[in-house]
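Written below as structure tokens is the structure these notes are about.
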Amino acid sequence: MGQLILRKADFFPHVGQAVAVADRYPQNVFAEHTHEFCELVLVWRGNGLHVLNDRPYRITRGDLFYIRAEDKHSYASVNDLVLQNIIYCPDRLTLNLDWAAHIPGFDGREHSPHWRLGSSGMNQARQLISQLEHESAHPDAQTHDMAGLLFGQLVMILKRHRYTSDNLSALSREPLLDKLITALAGSLDRAFVLDRFCEQEQCSERTLRQQFRSQTGMTINQYLRQLRICHAQYLLQHTEMMIGEIAMQCGFEDSNYFSVVFNRETGMTPGQWRQRNHCLETRFSRDVMR
């Protein structure tokens with residue numbers, strides 16, 4: 001079966017339209033696909049597994065992705081996942097803006113597709129997306145120009161407020177939930193002590209746990225465990241590290257316990273998962289060479 005490709009004609013209702021907003025309230029399980037267009041993905045709440053170019057990401061509130069047309073991605077294990085896709089055709093953008101300076105990967109160079117937004121950046125982005133969605137739905141003579149201006153403003157706002165998923169220093173003025181999610185992402189290879197975090201931030205542990213679950217649909221421990229398993233999957237597929245080394249890199253001091261948790265979350269042992277993915281890669285390479 002060939003790769004699923006999302007076509008411009010199915011997502012851009014007007015001829016020559018450069019930008020549109022695709023709401024996902026909620027985002028359901030979606031098979032692996034590529035596009036005839038590019039997209040920005042902003043996650044508002046809930047959680048899910050986003051697999052981008054064979055790399056798994058456990059996503060939740062504040063995750064931001066820059067997806068190129070040729071990138072392949074899918075969604076699985078979703079739980080009340082709410083996101084928006086801002087889709088665009090680079091060849092149709094007429095605003096004289098250095099797009100490559102604001103959109104990672106716009107010019108085809110290597111880039112980091114995954115970032116995070118704090119609450120202030122999310123609030124500003126949400127307002128712009130709402131205006132952009134209105135412009136896209138009610139076309140008139142100025143619609144394309146207005147949409148282009150709003151899209152340019154959006155990508156600059158995202159650039160101003162985005163930060164890497166483990167950069168806790170970028171969040172000095174952000175709410176506690178943003179700090180907690182980022183602290184968890186920066187704790188993949190070591191223990192995370194919640195009461196120590198709450199003591200440092202002078203906050204209620206109980207309130208923070210409740211807020212986290214309300215916004216993400218997971219407990220704090222579930223989220224951290226999923227982050228570690230996703231990181232382990234990446235290391236199993238893309239490195240030759242021993243399973244014991246991978247366990248340590250992912251915060252598990254006991255490799256046997258790591259194997260138990262991995263098996264519970266994926267239905268396979270780490271060794272089985274690595275073998276399966278190596279077999280799939282070999283089969284894909286043979287198919288391409290035929």
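Side-chain contact check for Leu177 versus Ser119: every heavy-atom pair is 4.5 Å or farther apart. Taking 4.5 Å as the limit, some side-chain heavy atom of Gln237 sits within range of a side-chain heavy atom of Trp273. Side-chain contact between Glu39 and Phe11 is absent, with no heavy atoms from C-beta onward closer than 4.5 Å. In this structure, the side chains of Tyr66 and Phe106 stay at 4.5 Å or more apart for every pair of heavy atoms. The shortest side-chain heavy-atom distance between Thr269 and Ile243 does not fall under the 4.5 Å cut-off. Taking 4.5 Å as the limit, some side-chain heavy atom of Leu194 sits within range of a side-chain heavy atom of Leu180. Ile220 has its side chain out of reach of Arg213: every pair of non-hydrogen atoms, C-beta onward, lies at least 4.5 Å apart. Between Pro270 and Phe258 the shortest side-chain heavy-atom distance falls below 4.5 Å.
Formation of a donor-acceptor pair under 3.5 Å by the Ser165 side chain with backbone atoms of Trp115 is not found in this model. Looking at Lys179, its side chain never comes within 3.5 Å of a backbone N or O of Phe197 through a donor-acceptor pair. One N or O on the side chain of Glu174 and one on the backbone of Ser120 form a donor-acceptor pair closer than 3.5 Å. Not one N or O on the side chain of Asn167 forms a donor-acceptor pair closer than 3.5 Å with the backbone of Thr164. Gln17 contributes a side-chain N or O that, together with a main-chain N or O of His14, makes up a donor-acceptor pair within less than 3.5 Å.
There is no path of hydrophobic side-chain contacts, each under 4.5 Å, that joins Phe37 to Ile103. Hydrophobic clustering (ILVMFWY, side-chain heavy atoms < 4.5 Å, transitive): Val261 and Met218 are in distinct clusters. When the side chains of ILVMFWY residues are joined at heavy-atom separations under 4.5 Å, either directly or via intervening members, Leu97 and Leu132 end up in a single hydrophobic cluster. Cluster annotation: Val43 and Met122 are assigned to distinct hydrophobic clusters (Ile/Leu/Val/Met/Phe/Trp/Tyr, side-chain heavy-atom contacts under 4.5 Å, transitive). Tyr257 and Leu188 fall into different hydrophobic clusters, where Ile, Leu, Val, Met, Phe, Trp and Tyr residues are linked whenever their side-chain heavy atoms come under 4.5 Å apart, directly or through other members.
Between Arg7 and Asp10 there is no salt bridge, since no side-chain N of the basic residue sits under 4.0 Å from a carboxylate O of the acidic one.
For the residue pair Ser77 and Val29, the shortest heavy atom distance occurs at N-CG2, 4.4 Å. Residues Ala183 and Phe192 come closest through the heavy atom pair CB-CE1, 3.9 Å. Nearest heavy-atom pair across Gln233 and Thr266 is NE2-CG2, 3.6 Å. The minimum heavy-atom distance between Ala125 and Leu158, with the atom names listed, is CB-CD2, 4.1 Å. Nearest heavy atom pair, residue Ala20 against residue Ser136, reads CA-OG, 3.9 Å. Taking each heavy atom of Val193 and Asp195 in turn, the nearest pair found is CG1-OD1, 2.6 Å.
For the atom pair Leu150 CG and Thr143 OG1, the distance stands at 10.5 Å (nearest 0.5 Å). Remark: Thr216 OG1 to Asn47 CG distance equals 6.5 Å, nearest 0.5 Å. How far CG of Asn263 is from CD of Gln272: 6.5 Å, rounded to the nearest 0.5 Å. Taking CE of Met156 as the reference point, atom CZ of Phe151 lies at 11.0 Å (rounded to 0.5 Å). We find the CD-OG distance between Glu245 and Ser255 to be 11.0 Å, quoted to the nearest 0.5 Å. A distance of 13.0 Å separates OG1 in Thr219 from CD in Gln210, rounded to the nearest 0.5 Å.
With sequence neighbours left out, the ring pair (Phe, Tyr, Trp, His ring centres under 6.0 Å) criterion links His73 to His33, His35, His50, Tyr75. With sequence neighbours left out, the side-chain contact (heavy atoms from CB on, under 4.5 Å) criterion links Arg92 to Lys8, Phe12, Ala18, Cys89. Applying the ring pair (Phe, Tyr, Trp, His ring centres under 6.0 Å) criterion to Tyr234, with sequence neighbours excluded, gives His238. For His114, the ring pair (Phe, Tyr, Trp, His ring centres under 6.0 Å) criterion is met by Tyr57, Phe65, not counting sequence neighbours.
More than 12 heavy-atom neighbours from other residues, nucleotides or ligands sit within 6.0 angstrom of CE on Met268. At most 12 heavy atoms of other shown residues, nucleotides or ligands fall within 6.0 angstrom of atom CD in Glu199. Atom CZ of Arg264 is surrounded by more than 12 heavy atoms from other residues, nucleotides or ligands within 6.0 Å.
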Subject >> Residue pair Cys198, Leu208: steps toward the side-chain contact (heavy atoms from CB on, under 4.5 Å) verdict >> reply: CA-CA 8 Å; Cys198 292; Leu208 191 56; 4.0 Å; yes
Original post:
Between Asp63 and Val41, is a side-chain contact (heavy atoms from CB on, under 4.5 Å) present by the stated rule, with each step listed?
Top reply: CA-CA 8 Å; Asp63 280 308; Val41 177; over 6 Å; no
Original post:
After noting the C-alpha distance and the side-chain angles of Arg61 and Asp178, does the key distance pass the side-chain contact (heavy atoms from CB on, under 4.5 Å) rule?
Top reply: CA-CA 9 Å; Arg61 178 187 185 276; Asp178 297 320; 3.0 Å; yes
**OP:** Output, in order, the C-alpha distance, side-chain angles, deciding distance and verdict of side-chain contact (heavy atoms from CB on, under 4.5 Å) for Leu81 and Ile59.
**Re:** CA-CA 9 Å; Leu81 180 62; Ile59 58 174; 4.0 Å; yes
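Among residues at least two apart or in separate chains, side chain to side chain donor-acceptor pair (under 3.5 Å) pairs with a member in residues 79-90 are Asp23-Gln84, Tyr25-Gln84, Trp44-Gln84, Arg45-Asp80. The stretch residues 201-227 participates, sequence neighbours left out, in these ring pair (Phe, Tyr, Trp, His ring centres under 6.0 Å) pairs: Phe212-Tyr223.
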